[in-house]
Structure formats: C-alpha cells, structure tokens
Enquirer: 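Encoded as structure tokens, here's the structure I'll be asking about.
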Amino acid sequence: MSQRVKTLKEIMTVLTITVLFAVILCLVVFAAKGYQHSVDTENADGNTRAVLAYVVNSVRDSGASDVSVEDISGTRCLVISNGDYEQRFYLDKGSLVEEYTEPGAENRPDVALRIGETSTLDFALDKAGILTIRTDSGSSAVNTGRHK
C-alpha cells in the first residue's frame with residue numbers, strides 16, 4: 001500500500017507542476033501580447049506626432065521667401081517657395097509626402113518622399129502669416145514670418 005501512496009504522490013506532484021507550468025506559460029504569452037500591443041500603439045502615436053512635427057520644423061527651418069497653400073494637380077498642398085524650387089507637402093494615399101520640384105510643375109507622388117502615415121492633413125494660412133497644420137495627432141501653428 002505504501003508503494004501505491006508513493007505513486008499517487010508522484011502523479012499529484014507531476015500534475016501540479018504541469019498545471020503550474022501551463023499557467024506560467026499562459027501568463028508569459030498574455031504579457032507578451034500586451035507588451036506588443038503597447039509598443040504598436042506607442043509607435044503609431046509617435047508616427048502621427050512625428051508627421052506634424054516634421055512639417056512644422058520644415059517651415060521654421062526653410063528660410064524660404066514665400067509659404068502658401070495651393071491646389072496643385074487637384075491636391076491641397078503646402079508650398080514653400082525658394083525661388084528656383086518648391087518644397088511641397090501633401091497627402092497621398094494616407095501618407096504625408098514631401099516633394100522638391102520646379103515651380104509650376106505638377107505633383108509627382110511616385111517620386112515624392114513618404115514622411116509618415118496620416119489620414120488627415122489640412123493647412124490654413126491666415127493674413128498674419130500664421131500657418132495652422134492639422135493631422136491625426138492634432139494641430140500646430142507656426143508663424144511663417146514671411147507671408148504678406
């Protein structure tokens with residue numbers, strides 16, 4: 001009978017260890033999925049903030065003679081003119097794109113640089129030269145200081 005009790009104890013011990021291992025494994029998988037979701041959310045938020053910041057900083061750092069909002073090739077664009085070339089920002093297939101081109105040329109999204117993803121991109125330039133930029137992450141205003 002003592003042999004039978006010993007075997008029963010061994011079975012219970014193995015069963016307990018197996019259940020604990022399964023529980024720990026489930027917790028690890030659950031934690032990993034939660035962490036991955038956190039990272040994905042943070043990356044998406046970082047992307048949308050970066051899109052807005054990129055445009056604002058480009059306007060601030062441009063030293064351009066003229067900043068305007070124009071309709072080019074049926075797309076609303078922010079245009080920073082610098083005499084010989086234009087730097088344009090516009091929305092193409094859910095992405096903010098930046099394009100350097102000759103003044104008056106059509107938009108060419110196939111050669112434009114994709115900056116980041118956003119489903120919203122809107123520009124408003126008031127008479128005082130304050131440019132307001134709206135993206136998925138919110139809006140920001142920058143004083144162009146060059147608009148008449």
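In what follows, residues are counted from 1 in the order of the sequence shown.
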Enquirer: Just jot down the salt bridge (Lys or Arg N to Asp or Glu O under 4.0 Å) partners of Asp71, sequence neighbours excluded, or say none.
Expert: none
Enquirer: Please say yes or no: joined through hydrophobic side-chain contacts below 4.5 Å, possibly via intermediate residues, are Leu91 and Leu125 part of one cluster?
Expert: yes
Enquirer: Please table the atom pairs, donor to acceptor, closer than 3.5 Å between any side-chain atom in residues 11-18 and protein atoms at least two apart or in another chain.
Expert:
| from | atom 1 | to | atom 2 | distance (Å) |
| --- | --- | --- | --- | --- |
| Thr13 | OG1 | Lys9 | O | 2.7 |
| Thr16 | OG1 | Met12 | O | 2.7 |
| Thr18 | OG1 | Val14 | O | 2.7 |

Enquirer: Taking side chain as C-beta onward, heavy atoms only, is Phe123 less than 4.5 Å from Val55?
Expert: yes
Enquirer: Which heavy-atom pair separates Glu99 from Glu106 by the least distance, and what is that distance?
Expert: OE2-O, 3.9 Å
Enquirer: Is it possible for you to say whether Val69 and Val56 belong to one hydrophobic cluster, with membership spreading through side-chain heavy-atom contacts below 4.5 Å?
Expert: yes
Enquirer: Main chain of Ser119, side chain of Asp136: is a donor-acceptor contact present, judged purely on distance under 3.5 Å?
Expert: yes
Enquirer: Counting only N and O atoms by type, is there a donor-acceptor contact under 3.5 Å from the side chain of Ser140 to the main-chain atoms of Ile133?
Expert: no
Enquirer: To the nearest 0.5 Å, what is the distance between SG (Cys26) and CZ (Phe21)?
Expert: 10.0 Å
Enquirer: Drop me the distance from Tyr54's OH to Leu113's CG, to the nearest 0.5 angstrom.
Expert: 6.0 Å
Enquirer: List the residues meeting salt bridge (Lys or Arg N to Asp or Glu O under 4.0 Å) with Asp122, not counting sequence neighbours, and say none if there are none.
Expert: Arg76, Arg134
Enquirer: Would Val79 end up clustered with Tyr100 when hydrophobic side chains under 4.5 Å apart are linked, directly or stepwise?
Expert: no
Enquirer: Is it true that a side-chain atom of Asn107 and a backbone atom of Ile72 form a donor plus acceptor pair closer than 3.5 Å?
Expert: yes
Enquirer: What heavy-atom pair brings Val97 and Ala112 nearest, and what distance separates the two atoms?
Expert: CB-CB, 3.8 Å
Enquirer: Check the hydrophobic clustering (I, L, V, M, F, W, Y; side-chain heavy atoms under 4.5 Å; chains of links allowed) and say if Leu121 and Val142 are grouped together.
Expert: yes
Enquirer: Identify the two heavy atoms, one from Thr132 and one from Ser139, that lie closest to each other, and give their separation to 0.1 Å.
Expert: CG2-CB, 4.4 Å
Enquirer: Which residues pass the side chain to side chain donor-acceptor pair (under 3.5 Å) test with Glu102, not counting sequence neighbours?
Expert: none
Enquirer: Hey, is the main chain of Val67 close enough, under 3.5 Å, to the side chain of Thr144 for a donor-acceptor pair?
Expert: no
Enquirer: Go through the structure and list residues passing salt bridge (Lys or Arg N to Asp or Glu O under 4.0 Å) with Glu98, not counting sequence neighbours.
Expert: none
Enquirer: To the closest 0.5 Å, what do you measure between OG1 (Thr135) and CD1 (Ile115)?
Expert: 13.0 Å
Enquirer: Going hydrophobic residue to hydrophobic residue with side-chain gaps under 4.5 angstrom, can you get from Val51 over to Leu78?
Expert: yes
Enquirer: Hey, could you give me each pair passing salt bridge (Lys or Arg N to Asp or Glu O under 4.0 Å) that has a residue in residues 78-94? Not counting sequence neighbours.
Expert: Glu86-Arg88, Asp92-Arg114
